[in-house]
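Okay, structure first, notes after.
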2 protein chains.
Amino acid sequence: MNIGQAASLSQLPPKTIRYYEEIELINPARAENGYRDYSDGDVHRLRFLQRARGLGFSITECRLLLSLYEDKNRASHDVKAMALDKISEIDRKINELNSLKETLTTLAEHCNGDNKPDCPIIEDLARGS
Amino acid sequence: MNIGQAASLSQLPPKTIRYYEEIELINPARAENGYRDYSDGDVHRLRFLQRARGLGFSITECRLLLSLYEDKNRASHDVKAMALDKISEIDRKINELNSLKETLTTLAEHCNGDNKPDCPIIEDLARGS
DNA sequence: GCTTGAAGTTCCAGTAACTGGAGCCATTTA
DNA sequence: TAAATGGCTCCAGTTACTGGAACTTCAAGC
């Protein structure tokens, strides 16, 4: 498929997809006319990148995450260690999102009236985790 | 307190903190000697920024989130609408992190032996959400 | 009191990860 | 066949930092 379809399936702009090719995160085939030709696998990869980037993982971390699945040469216990490491990072992020959500929920509940109360909720948010 | 202490409390490098001042995300006091002087409130703000940035929110979004708490002039229903909007975004991120975590957990469990199996888990990951 | 090293300051240049635009070619649609 | 649409490359600009030079300030030891 062309880059446009890959873009709408992966939720990434074409510009970004071309950039990911430039930095060798993907390597799509080329059609006879010179157009990039994306496979379903390519789109899955792009979709993964879109999500992981949106969750605050750097390109380097994305490369690592991708390699966890794809690098057949790495020793199994290394894969496991890295996976476990990433899992605890993910747990941390989930906790932080939950505390942020809780704060926003409280805010939304308390701001029903016409006047915004002077809620110092940010203090709790910034303190906790 | 000086920038070094603010840095270690907020988990942000001093460079980044100075940059946040430059783009007017914080406005610390100055001591007589010209050193920046951070209050507890400043540190909370920095800590919040550190977390929100790490969760994939852009600087613009961080500004919005901060303004939700601090802008006394905005109408209450606007605050509520924005808060609810951010809450659904947070829910989406949490779901994505959970699916990513599940995938990595499966990977870690399946990669106990000496040889890494050829798991096509990435397919599920990239497809789902 | 002096020195020396760590930590602060500004300023400027460089990097990561895109993003927009010009100018050109290919394909689809009217 | 003409025009709109979508692809291509290349280059410049933006966002969000990050590193380094050159200088000042402070705290600790002699």
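In what follows, chains carry the letters A, B, and so on, assigned in the order in which the sequence lines appear, proteins first and then strands, with residues in each chain numbered from 1.
- Here the closest heavy-atom approach between residue Ile17(B) and residue Ala7(B) is recorded as CD1-CA, 3.6 Å.
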Contact list (N/O, under 3.5 angstrom) for nucleotides 25-29 of chain C vs protein:
residue	atom	partner	partner atom	Å
dT27(C)	OP1	Asn33(A)	ND2	2.9

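- The residues Arg18(B) and Glu22(B) are annotated as not salt-bridged, no charged nitrogen and carboxylate oxygen being separated by less than 4.0 angstrom.
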Decide salt bridge (Lys or Arg N to Asp or Glu O under 4.0 Å) for Glu89(B) and Lys86(B); before the verdict, give the C-alpha distance in whole Å, the side-chain angles of both, and the deciding distance to 0.1 Å.
CA-CA 5 Å; Glu89(B) 191 176 339; Lys86(B) 281 294 158 193; 3.0 Å; yes
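- Side-chain atoms of Arg45(A) come within 3.5 Å of backbone atoms of Leu25(A) as a donor-acceptor pair (strictly under, hydrogens ignored).
- Residues Ser99(B) and Arg51(A) have side chains that bring a donor and an acceptor to within less than 3.5 angstrom of each other.
- With rounding to the nearest 0.5 angstrom, the CG atom of Asn95(B) is 12.5 Å from the CG atom of Leu100(B).
- Take the nearest nucleotide of DNA chain D for Glu32(B) and for Ile59(B): the residue whose nucleotide is more 5' is Ile59(B).
- Within the model, atoms CD of Glu61(B) and CG of Leu66(B) stand 12.0 Å from one another, a figure rounded to the nearest 0.5 Å.
- In this structure, the CD atom of Glu22(A) is 12 Å from the C1' atom of dT19(C), given to the nearest Å.
- Projected onto DNA chain C by closest heavy-atom contact, Ile23(A) and Gly4(B) fall at different nucleotides, the more 5' of which corresponds to Gly4(B).
- In summary, Arg30(B) and Glu21(B) engage in a salt bridge, as defined by a charged side-chain N under 4.0 Å from a carboxylate O.
- From the 5' end on, the contacts that DNA chain D makes with chain A at under 4.0 Å to a non-hydrogen atom open and close at dG6(D) to dC10(D).
- If you measure from atom OH of Tyr19(A) to atom C1' of dT19(C), you get 11 Å, rounded to the nearest angstrom.
- Arg53(B) places its CZ atom 12 Å from the P atom of dA17(C), with the value rounded to the nearest Å.
- The two residues Asp37(A) and Met1(A) make their nearest non-hydrogen contact at OD1-N, 2.6 Å.
- Regarding Glu21(B), its CD atom lies at a distance of 13 Å from the C1' atom of dG8(C), rounded to whole Å.
- Under 3.5 Å, the side chains of Ser39(A) and Asp42(A) contain a donor-acceptor pair of N or O atoms.
- Residues from residues 10-18 of chain B with heavy atoms under 4.0 angstrom of DNA chain D, sorted by number: Pro13(B), Lys15(B), Thr16(B).
- In this structure, Asn33(B) contributes its side chain and Tyr35(B) its backbone to a donor-acceptor pair below 3.5 Å.
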